[in-house]
Asker: 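Let me give you the structure first, and then I'll get to my questions.
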Protein chains: 2
Amino acid sequence: MKKNVLIIGAGGVAQVVAHKCAQNNDVLGDIHIASRTKAKCDEIIASVHEKSAMKQDGVIAAHQLDALNLAAVVALIGETGAQIVINVGSPFVNMTVLDACIETGAAYIDTAIHEEPDKICETPPWYGNYEWKKRDLCAEKGVTAILGAGFDPGVVNAFARFAADQMDEVRSIDIVDINAGSHGKYFATNFDPEINFREFTGTVYSWQSGAWQENAMFEVGREWDLPVVGKQMAYMSGHDEVHSLSANYPKADVRFWMGFGEHYINVFTVLKNLGLLSEQPVKTAEGQVVVPLKVVKAVLPDPASLAPNYTGKTCIGDLVKGTKDGQEVELFVYNVADHAEAYKEVGSQGISYTAGVPPVAAAMLIATGEWDAKTMKNVEEMDPKPFFTLLDRIGLPTRVRDKDGDRAWDA
Amino acid sequence: MKKNVLIIGAGGVAQVVAHKCAQNNDVLGDIHIASRTKAKCDEIIASVHEKSAMKQDGVIAAHQLDALNLAAVVALIGETGAQIVINVGSPFVNMTVLDACIETGAAYIDTAIHEEPDKICETPPWYGNYEWKKRDLCAEKGVTAILGAGFDPGVVNAFARFAADQMDEVRSIDIVDINAGSHGKYFATNFDPEINFREFTGTVYSWQSGAWQENAMFEVGREWDLPVVGKQMAYMSGHDEVHSLSANYPKADVRFWMGFGEHYINVFTVLKNLGLLSEQPVKTAEGQVVVPLKVVKAVLPDPASLAPNYTGKTCIGDLVKGTKDGQEVELFVYNVADHAEAYKEVGSQGISYTAGVPPVAAAMLIATGEWDAKTMKNVEEMDPKPFFTLLDRIGLPTRVRDKDGDRAWDA
């Protein structure tokens with residue numbers, strides 16, 4: 001049994017993580033939140049108290065932390081007695097936080113792949129560039145590290161595992177992420193614009209016919225007809241989970257599809273073609289050196305500010321095709337979330353909600369021992385059933401749709 | 001007779017001005033070019049020599065100058081013995097340069113209205129905010145100042161005057177500026193992006209039914225069918241010449257129409273709506289204070305770099321309607337210029353060419369005494385005929401189109 005949670009980061013996802021930890025502090029123990037800007041942690045804690053989210057009396061405390069400073073992270077883990085670290089900070093800090101967990105023995109959970117500020121879209125499989133290099137060390141030291149335990153990556157990896165377990169052979173895994181919500185702004189990204197755009201400016205890697213295939217963003221689009229959100233265009237995109245599912249299901253084609261409206265694509269295309277999404281600095285006529293992407297981020301709405309007026313639903317799921325007893329089978333495993341309901345419960349929009357609830361479920365499964373792997377794992381390497389059971393209870397129910405209809409995963 | 005010219009500025013328009021002054025240095029005398037960056041003046045002089053543009057042996061010299069420093073401008077006028085100053089620098093320096101001319105007695109010519117960096121689109125008439133406040137002083141001191149003597153404003157003001165002189169009453173003056181050229185880039189502006197975008201982010205002022213009317217950019221569009229360039233969409237835009245022509249022809253409607261393709265409008269709209277065209281600073285997440293418009297300028301192609309591959313033509317003209325002897329009459333007075341021909345002659349694209357040739361014609365008319373007004377004048381207040389005669393000879397022929405056909409203005 002591990003307990004006491006240290007949350008790293010204080011953005012929209014961290015807010016959801018904090019609320020969900022508070023709602024389950026009987027299992028998780030003390031809650032600590034650390035960020036470069038302590039005031040943001042204080043705001044999250046205030047919102048937790050405002051919603052009376054703490055299930056039982058307990059500790060919830062804010063800390064200032066430079067998460068790129070290994071010694072500081074190690075010290076804070078020691079000081080707080082945290083046995084579980086949920087890293088929902090910038091993807092630039094993953095490796096420092098993971099190293100701190102390895103050094104202290106705390107369990108590590110994150111929701112997105114490590115990135116270096118000056119590199120976009122590295123060689124596949126992405127996990128091989130940073131995280132998996134620490135896998136043997138985790139095993140040797142018995143440190144639990146659950147990688148990519150948000151929604152996508154995360155729950156969708158469990159969806160793939162759940163479907164694959166019902167088949168003799170898996171032919172393809174298509175992950176589809178549709179946000180059919182509306183924030184009412186001219187344009188906004190649903191999470192940090194810098195990270196959002198970085199996702200779409202590099203090569204689109206997919207795993208097909210046993211090899212990495214390269215495409216450009218918006219090169220391959222397909223209309224999907226999904227539960228609740230209906231017909232939606234989605235485009236093949238580069239995404240973390242493709243890089244672990246392809247290793248675990250090498251015979252299956254693994255693709256990720258992100259839904260985009262024409263307006264998003266137009267704005268993105270204009271900004272990209274002008275060079276405004278570049279992470280490389282430019283010099284103004286006045287001699288000021290500026291990274292254009294950081295200026296774009298500065299003028300866009302703060303994703304957290306979208307929450308109060310966000311309406312509509314998301315549908316994220318996996319269409320898994322394969323064979324069972326010599327027959328072709330296919331299963332769509334999915335979740336539908338609602339922006340307004342998320343805001344009502346935890347003060348965040350649906351994208352933050354779907355990303356923030358799963359790592360808390362993972363933390364609870366580590367706390368209870370069910371997912372305390374004592375080594376490094378991607379989510380599809382863990383038993384999905386206790387994960388789904390917990391997610392059903394804490395806000396993200398899993399459903400399936402196949403030739404027999406649409407139902408709860410365990411119906 | 002005035003002589004010796006000081007050119008202020010070293011951008012694309014200054015390059016054309018320098019070449020044209022060199023080609024007419026028998027009339028104009030010594031040529032001096034001054035800019036914040038002297039190296040840019042040196043480059044222009046090198047290109048003048050490369051084209052063997054000097055009509056006769058004479059002085060052409062480069063100077064470093066901070067044109068916002070009144071004493072420095074006064075000193076340079078004295079040092080060079082310039083009796084004519086052609087100001088084609090940033091519109092932020094107009095008033096300093098004008099003051100220096102008033103102080104020294106040199107004639108002043110500019111091609112665009114004065115602007116303050118932190119203000120966009122001030123109260124109409126724009127000339128009343130800065131330039132016209134010095135009109136009495138110019139008259140008192142006998143200083144010649146020809147305002148807005150580029151193409152638009154400038155030649156189009158003379159077009160209006162020329163047409164109006166043939167009518168008993170002028171009903172409307174519609175100035176239409178179409179660039180049907182192609183630079184082959186994804187997106188570029190034809191002159192300084194900062195100034196270009198500033199033109200279109202403010203209120204669109206037009207003079208209609210004897211009053212200022214306000215519209216938003218791209219709110220009012222109309223298809224025009226013009227000589228050579230054919231059918232083209234143009235949108236009512238704010239522009240300098242509306243603010244003087246409305247004073248000189250208060251009974252006429254005065255409107256300015258700028259041609260834009262759908263692609264330009266889309267890029268402009270995205271940038272504007274995101275706040276990236278703002279002249280007001282924003283702060284990045286890292287705390288850097290940046291003016292978004294200056295970053296957009298930094299990522300866009302340098303307008304001068306467009307010249308070598310620019311093809312196609314511009315058509316800029318005035319459709320003037322009125323009455324003559326009780327009959328409705330209308331006249332379209334215009335010029336067509338060619339990007340590639342401009343590049344061949346002076347190493348600049350057509351937009352710089354049309355803007356840079358007219359102030360040299362004005363300087364020559366001041367040198368010969370024909371336009372040496374000894375007071376402040378907008379171009380429509382001067383006799384257009386010697387101007388057209390000179391422009392015909394030095395590269396920008398004037399044509400007219402009416403019910404009787406299409407012909408040279410003096411045919």
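Hydrogens, waters and symmetry mates are skipped; everything else that's a heavy atom, side chains included, is used. Below, read A as the first sequence line, B as the second, and so on, with proteins coming before strands; counting in each chain starts at 1.
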Asker: Which of the residues B:Lys185, B:His263, B:Lys294 is involved in the greatest number of heavy-atom pairs with chain A at under 4.5 angstrom?
Answerer: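 Ranked by contacts with chain A, first place is B:Lys294.
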Asker: Go through the atoms of B:Val282 and report whether side chain, backbone, both or neither lie under 4.5 Å from a heavy atom of chain A.
Answerer: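 The answer is the side chain of B:Val282.
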Asker: Check whether A:Lys283 gets within reach of chain B through its side chain, its backbone, both or neither, counting any heavy atom under 4.5 Å.
Answerer: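 A:Lys283 touches chain B through backbone heavy atoms alone.
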Asker: Would you find more than 12 non-hydrogen atoms of other residues, nucleotides or ligands less than 6.0 Å from A:Glu262 atom CD?
Answerer: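 Counting neighbours around CD of A:Glu262, 12 or fewer heavy atoms of other residues, nucleotides or ligands fall under 6.0 Å, so no.
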Asker: Does the side chain of A:Val270 reach to within under 4.5 Å of the side chain of B:Tyr186, using non-hydrogen atoms?
Answerer: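 Yes, close enough: below the 4.5 Å cut-off.
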Asker: Please name the pair of heavy atoms, one in B:Val295 and one in A:Pro292, separated by the smallest distance, quoted to 0.1 Å.
Answerer: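 For B:Val295 and A:Pro292, the tightest heavy-atom pair comes out as CG1-CA, 4.2 Å.
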Asker: Is the backbone of A:Val291 close enough, under 3.5 Å, to the side chain of B:Gln288 for a donor and an acceptor to pair up by distance?
Answerer: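 No; judged by distance alone, with no hydrogens or angles, the pair does not exist.
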Asker: What are the residues of residues 273-280 of chain A, in order of number, with any heavy atom under 4.5 angstrom from a heavy atom of chain B?
Answerer: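 Answer by number: A:Asn273, A:Leu274, A:Gly275, A:Leu276.
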Asker: Quick one: list whatever passes salt bridge (charged side-chain N to carboxylate O under 4.0 Å, His left out) with B:Asp177, sequence neighbours left out.
Answerer: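 B:Asp177 satisfies salt bridge (charged side-chain N to carboxylate O under 4.0 Å, His left out) with no residue once adjacent residues are dropped.
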Asker: Who among B:Thr269, B:Val296, B:Asn266 has the most heavy-atom pairs with chain A under 4.5 Å?
Answerer: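 The candidate making the most pairs under 4.5 Å is B:Asn266.
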Asker: Supply the atom-to-atom distance B:Leu293 CG to A:Thr284 OG1, rounded to the nearest 0.5 angstrom.
Answerer: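 B:Leu293 CG to A:Thr284 OG1: 11.0 Å, rounded to 0.5 Å.
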